[in-house]
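Below, chain A is the first sequence line, B the second, and so on; all start at residue 1.
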Amino acid sequence: MAPKQIALSELAASLGLEVEGDPDVVLSGVAALDGAGPGDLSFIRSARFLRELAASGASAVIALPGVDLGGRPALRSDDPSRDFYRAARLLVPPEPVVAGVDATAQVAPDAKIDPTASVGAHCALGRGAVVGARSVLHAGVVLYDGARVGVDCVLHARCVVAASSELGDRVVLQPGVVIGGAGFGFVGGEDGGLHKAYDLGRVVVEDDVEIGANTTIDRGTLGETRIGRGTKIYNLVQIGHNCRIGANVTIVAQVGLAGSVRVEDGAFLLGQAGIPGHLTIGAGALVGAQAGVTRDVAPNARVFGLPAREGRAWHKESAALARLPGLLKRVRALEKWVEAREADAGAPESRKAGTSETPDT
Amino acid sequence: MAPKQIALSELAASLGLEVEGDPDVVLSGVAALDGAGPGDLSFIRSARFLRELAASGASAVIALPGVDLGGRPALRSDDPSRDFYRAARLLVPPEPVVAGVDATAQVAPDAKIDPTASVGAHCALGRGAVVGARSVLHAGVVLYDGARVGVDCVLHARCVVAASSELGDRVVLQPGVVIGGAGFGFVGGEDGGLHKAYDLGRVVVEDDVEIGANTTIDRGTLGETRIGRGTKIYNLVQIGHNCRIGANVTIVAQVGLAGSVRVEDGAFLLGQAGIPGHLTIGAGALVGAQAGVTRDVAPNARVFGLPAREGRAWHKESAALARLPGLLKRVRALEKWVEAREADAGAPESRKAGTSETPDT
Amino acid sequence: MAPKQIALSELAASLGLEVEGDPDVVLSGVAALDGAGPGDLSFIRSARFLRELAASGASAVIALPGVDLGGRPALRSDDPSRDFYRAARLLVPPEPVVAGVDATAQVAPDAKIDPTASVGAHCALGRGAVVGARSVLHAGVVLYDGARVGVDCVLHARCVVAASSELGDRVVLQPGVVIGGAGFGFVGGEDGGLHKAYDLGRVVVEDDVEIGANTTIDRGTLGETRIGRGTKIYNLVQIGHNCRIGANVTIVAQVGLAGSVRVEDGAFLLGQAGIPGHLTIGAGALVGAQAGVTRDVAPNARVFGLPAREGRAWHKESAALARLPGLLKRVRALEKWVEAREADAGAPESRKAGTSETPDT
C-alpha cells in the first residue's frame, strides 16, 4: 500500500468534515497517537487521551467537537475512529487489483473468470468454477469443481472452497480457510460398525461475510450449511455440517459449532465457546467466552460457564463458590454446636442434626 | 458428482430391499425430506416425521417396515439412514478418479506413484515418497521426503505429510491437515536455557482413519505417534508427539491432546476437551465436551467438567452449585438463630457456632 | 536424514564426555530404550529406568554418573537428555540445505533471496520480499509483498507471511502457520452498522521464535503485533491484533489471545487457555489449561479455572465443590433440628431459622 500526499483541507472535503487549524498541512500516512510522526494523521477517541496527544508527533488528528487540542490541526467528527478509518482508505489506499490469471495458476477449461478478477500464483480452479468481477484470489487458492465466488471478494492465500460451495459478494476469507470439508456425521454400516455419512451438500456464504484464518466450515450432509449476510467469523472457528448461521452474527476465535446448530440474527458467540449439535442460539443472544452450551439459548439471553447458564446466576454462583470452603467450616461449627446441645440435653437420636453425612472437615 | 437415472425396482435389487408402490418411478437424486423434489429419493427415520413426509416432494422414500407412507413409493429397510446412504452412492456416485500426475505437480525422481493414482495440480512429492493405487491427492498436497500413502486414500487440498510419516489404506484427510509437524518437547541447552527437542520420529496413521480439516498431528520425538485403525478425528484437533490413539476412537472438533497421551480403543472424546501429557483414556471411556482431564480415565468411565470428574458427580455438583447462593443465606440464618440462643442463654464462648469465619452475608 | 557411522570414542570427544566400556562400539542411530537395537545410542534419565535398560538392545547409552549400567558402553553426563539430543544431531544430522530457488516457485523481480537460501516448489514471493542466508522455505510457502525472513529460518510447507510482516533469525514455522491475517476489530460505519477495521499494521516475530502448525497471528491494526525473542508457540494457537508477547514465553496448543493482550517475559500459558482483549499476563505467570482469564494476572501468579482464579483458591474450591451436594443435606438436617426446637419452644416467628428460602432438598 503506497501512501498518498493529501492536504488536510482536501481530506476534509472528501470526508465531509470541518478543518480546524492549518488547512495546508500535508498528510501522507496514518498511525496511532503513540506511533505517529510528521505527515501522519491520528485520532483521539476522547479527552482522556489528551496527554498521549501532547506527546504525539501526529501532524493532524480527528477528534470529537469540543475537545481542546492545543492548536493542533484537526478534523472534527462525531465518530473519530470511524472517520479515521475512512481517511486511512484515502491516505493509504489498498493496492489496486491487477486483473488477470497468473501463468502458474491451473484453470479448468470451463471455469469462468471475470476479466476484471485477479487469480494469483499456483491457484487451482476446477471444472465449472466461477470467479466474479474484481474478486482477488491470492496465491495457492483452490476452488474445487463447481465452486462459485461472487464479485468484489478477497480470498487470501491457500484458502480452499470445496463441495460446489458458493460465496456471495464482498466476501473476505483470510489465509487458510477451508469451506466445504466433510462433516462428522455417521451412519450404521452393513458390517454393524459406524461409517462416515456420504456427504453431498455444500456451503453457501452470503454477501459481506468475513471469515478468519484457518477456520473450517463443513458442507451440508444433503442440503446446505449457510452463513448469513454480514456475519463475521474469526480465526480457527469450527462450523459443522448443516449449521444455519443468521445475518450479522459475530463468532469470535476458536468457537466450535457441532452439526445442525442454528444461530439466529445478531447473536454474539465469544471466544472458545462450544455449541453441541441441533441447538438454537436465539437472535441477539450472547454466549460468553468458553461457555459450554447444553440447551437452546433464548433470544437476547446471555449465558456463561460450563454448563452454560444465565449470566446473573453464573456471576452469583461464581462469587458464591469462592465462599464455599469457608461455608464448609461454618456448617461444621453449627453441627458441633448442635451436637453439644444434644449431648447436654440427652435428646433422642432422631432429632440429632448433622448425622446424615460423616462430618468431613 | 453427476446423478444417474435409476428405476426404484433396480435400486431395490441393488440394495437387496423390497419395493412398495410403483416400481417404475425413476430416481435421479437424493435429498432430505424438506428439500426433496421430483426424482429425489429421501428417507424417514420414524413415524415422527410423517408430517414432513406429507409435505415432501420426494418421489420415493426409504422407511422402516410398518410405517404408513400413504401410498408413496418406498423401499422398506430396518436401517433407513444406512440404506439411504447406500442408495446415494448409486444415484450420485463419486467422481471417478482420473489417474495420472498433473503437469504442474513437482515429483522427486525416485518417488513412486501407482499408475492408477491421481496427483493434482501443484502437489509436491519429496524423495522416496510413495502413493498407492487409486489414491487421490487434490491440489497443493505436500508429501515430504519418505512420506508414504497407502491405497484408496483421499488427501484433500493443501494437506501436508511430513517427517517420513505413513498413511495406511482408505485414509481420508480433509483439506489443510498437517501430519508430522514438530512436537512441543524441550530439553536443557548447553547455555542452561530450554530448547526444542530434536525430533526424529514420525506419524503412523493406520487403515480407515479419517481426519478433519486443519487438524494437526505431531511426529514422535524418537519413535511414533500412532493413530489406530478406523479412528475418526474431526476438524482443528491437536494431537501431540508420541500419542498412541487406539482403534475406532472418535475425537470431535478442537480437542487437544498433549504429548504421550494414550487413548484406548473405542474411546470418545467430545468437542474442545483437553488431555494433558502422559495420561491414559481407557477403552470405551467418554470425555465430555470441554472437559479438562487431570488424571487417567478408567475404561468405560464418563467424565465431565473442569477439572474433569465422574459424570454423576459432575451433574450433582452442577445442580448443587445453582443452589449455593441460597445456601449461603440459609447458613447465615442458622447462625443468627444460634447467636440469638447464645445471647439468651449467656452460653460460654467456646460453644458459640458460626464464629470460625466472619459472617459475610 | 541419513545416519552416520561414529565410534563411541569419537562421539565422546565431540561432546566432551567420558567413555565407559568399549570405546570402539560403532553407532549409527538413536532411539528410546524400548525401541533401540544394535547400532543405536539411547539414554537413561535415572536409575528408575534400569529394568528398561536391561531389556534394551541399545549399543550404548548416555547416563548420569554413578548409575550402574551393568557394563553397557556408555557416555557419562550430568544431563543425559540434553547430551543425547546433542549426539543425535551428530548421528542423524539434519538434511543439508540445497540452496537455490525451485523452478516452480514464483518470485517477484525485486524480491531479494540470499544465494544460500532454499526456496521450494510452488512458493510465491511478492514484491520486495526478502529471504536471508541459509533460510529454507518448504513447498507452497507464500510471502506477501514486503514480507521479510531473517537468516537460518525454516518455514515449513504452506506457511503464509502477509502484511509486510517480518521474521527475525532462526525462526521456525511449522506447516500451515498464518502470520499477518486481518484482526477482528470493528468500527462504526456510515450506515450505522459495524464494519471491520481497515488494518494497516504488521507482525514482527523476533529471533529464535518457534510457531506450531496452523497457528494464526494477526497483524496490528495500525502498529505491530510482536512476538518476543525465544518465545515458543504451539499448534492451533490464536493471537489477535496488537498483542505484545514478551521474550521466552511458552504458549501451549489451542490457546486463544484476543486483541491487544500483553504477555510479559517468561509467562507460561497452558493448553486451551483464553485471554480476552487488553489484559496483561505478568512476567513468569502461569495460566492453567483451559483457564478463562477475566482480569490482569500478576507477575509469577498462577491461575486456573473459569473464571480464572489464584491456584490455591481454585484447588480448595474444586475440592469443596465435590462436598457441596452433601453439604446441602447437612444444612437441611440442621434446619430441621432448629425447626423441631422452634416447634417445641413455640418461639416467636422472627427467630426461626431456615425460612429465608423454601427448603428444597
Side-chain angles (χ1 to χ4, degrees), chain A residues 104 106 122 124 140 142 144-145 158 160 162 176 178 181-182 184 186-190 193-198 200 214-216 218 221-223 236 238 240 254 256 258 272 274 276 290 292 306-307 309 313 316-317 319-321 323-324 326-327 329-338 340, chain B residues 1 30-32 34-35 79 81-82 84-86 88-89 92 95 102 104 120-122 138-140 156-158 172 174-176 210 212-214 230 232 234-236 248 252-254 271-272 289-290 305-306 318 321-322 324-325 327-328 331 334-335 338 351-357 359-360:
Chain A
T104 61
Q106 205 232 38
H122 312 114
V142 179
Y144 277 51
D145 293 353
R158 304 197 296 89
V160 174
V178 176
F184 209 58
F186 296 89
V187 291
E190 295 163 80
L194 275 183
H195 293 259
K196 283 286 295 289
Y198 178 58
L200 294 164
N214 283 345
T215 280
T216 64
D218 289 343
T221 312
L222 294 170
L236 294 168
Q238 145 65 22
Q254 296 173 320
Q272 300 181 329
Q290 298 189 329
L306 169 64
R309 43 209 186 280
K316 274 172 72 174
E317 289 166 25
L321 188 55
R323 294 169 59 196
L324 180 57
L327 188 70
K329 287 184 191 145
R330 288 161 61 191
V331 169
R332 186 68 199 112
L334 285 167
E335 287 170 345
K336 279 189 176 152
W337 186 89
V338 166
Chain B
M1 289 165 256
V30 295
D34 62 356
D79 187 341
S81 66
R82 177 195 64 201
F84 172 78
Y85 282 103
R86 290 174 64 213
R89 290 182 183 272
V92 193
E95 287 292 329
D102 191 276
T104 61
H122 311 115
H138 284 265
H156 280 279
R158 304 197 295 90
V172 179
Q174 295 300 321
E210 305 201 15
N214 283 346
K232 311 297 184 206
Y234 198 21
N235 299 348
L236 294 168
N248 299 313
V252 180
Q254 295 173 322
Q272 300 180 331
Q290 298 188 330
L306 169 65
S318 296
L321 187 56
L324 180 57
L327 189 69
L328 282 162
V331 170
L334 285 167
E335 287 169 345
V338 166
R351 286 206 183 153
K352 278 189 184 166
T355 56
S356 63
E357 177 177 322
D360 49 3

So which of A:V331, A:L306, A:T221, A:L324 has the largest heavy-atom pair count under 4.5 angstrom toward chain B?
A:L306

Please look at B:H156 and chain A and tell me whether the side chain, the backbone, both or neither of the residue comes under 4.5 angstrom of a heavy atom of that chain.
both

Contacting moiety of B:Q272, where chain A heavy atoms sit under 4.5 Å
side chain

Using a cut-off of under 4.5 Å on heavy-atom pairs, state which of A:G223, A:A258, A:G176 scores highest against chain B.
A:G176

Within the distance-only criterion (no hydrogens, no angle test), does the side chain of A:Y198 pair as donor or acceptor with the backbone N or O of B:V92 below 3.5 angstrom?
yes

Minimum-distance pair of heavy atoms, taken over all atoms of B:A253 and A:Q238
CB-CG, 3.6 Å

B:V172, part contacting chain A, at a heavy-atom distance under 4.5 Å:
neither

Checking heavy atoms, do the side chain of B:A31, its backbone, both or neither come under 4.5 Å from chain A?
backbone

Verify, without hydrogens or angle tests, whether A:Y144 (side chain) and B:A157 (backbone) share a donor-acceptor contact under 3.5 angstrom.
yes

Give, as side chain, backbone, both or neither, the part of B:D102 having an atom under 4.5 angstrom from any heavy atom of chain A.
side chain

What part of B:R158 lies closer than 4.5 angstrom to a heavy atom of chain A: side chain, backbone, both or neither?
side chain

Determine whether a donor-acceptor pair (N or O, by modelled atom type, separation under 3.5 Å) exists between the side chain of A:D218 and the backbone of B:A213.
no

Please state whether the side chain, the backbone, both or neither of A:K316 comes within less than 4.5 Å of a heavy atom of chain B.
both

With under 30° as parallel and over 60° as perpendicular, where do the rings of A:H122 and B:H122 fit, or are they tilted in between?
perpendicular

Any chance you could measure B:N235, atom CG, to A:N214, atom CG, to the nearest 0.5 Å?
11.5 Å

Under a 4.5 Å heavy-atom cut-off, does chain A meet the side chain of B:A139, its backbone, both or neither?
both

Counting only heavy atoms closer than 4.5 Å, note whether B:T104 contacts chain A via side chain, backbone, both or neither.
side chain

When you measure from the side chain of B:Q254 to the backbone of A:L236, do you find a donor-acceptor pair of N or O atoms at a distance under 3.5 Å?
yes

Quick one: CZ on A:R330 to CG on B:L328, what's the gap to the nearest 0.5 Å?
6.5 Å

What one should report as the nearest heavy-atom pair of B:A32 and A:L222 is N-CD1, 3.5 Å

From A:L200 CG over to B:Y85 OH, what is the distance, rounded to the nearest 0.5 angstrom?
7.5 Å

When every non-hydrogen atom of B:Q174 is compared with those of A:A182, the smallest separation belongs to OE1-N, 3.0 Å

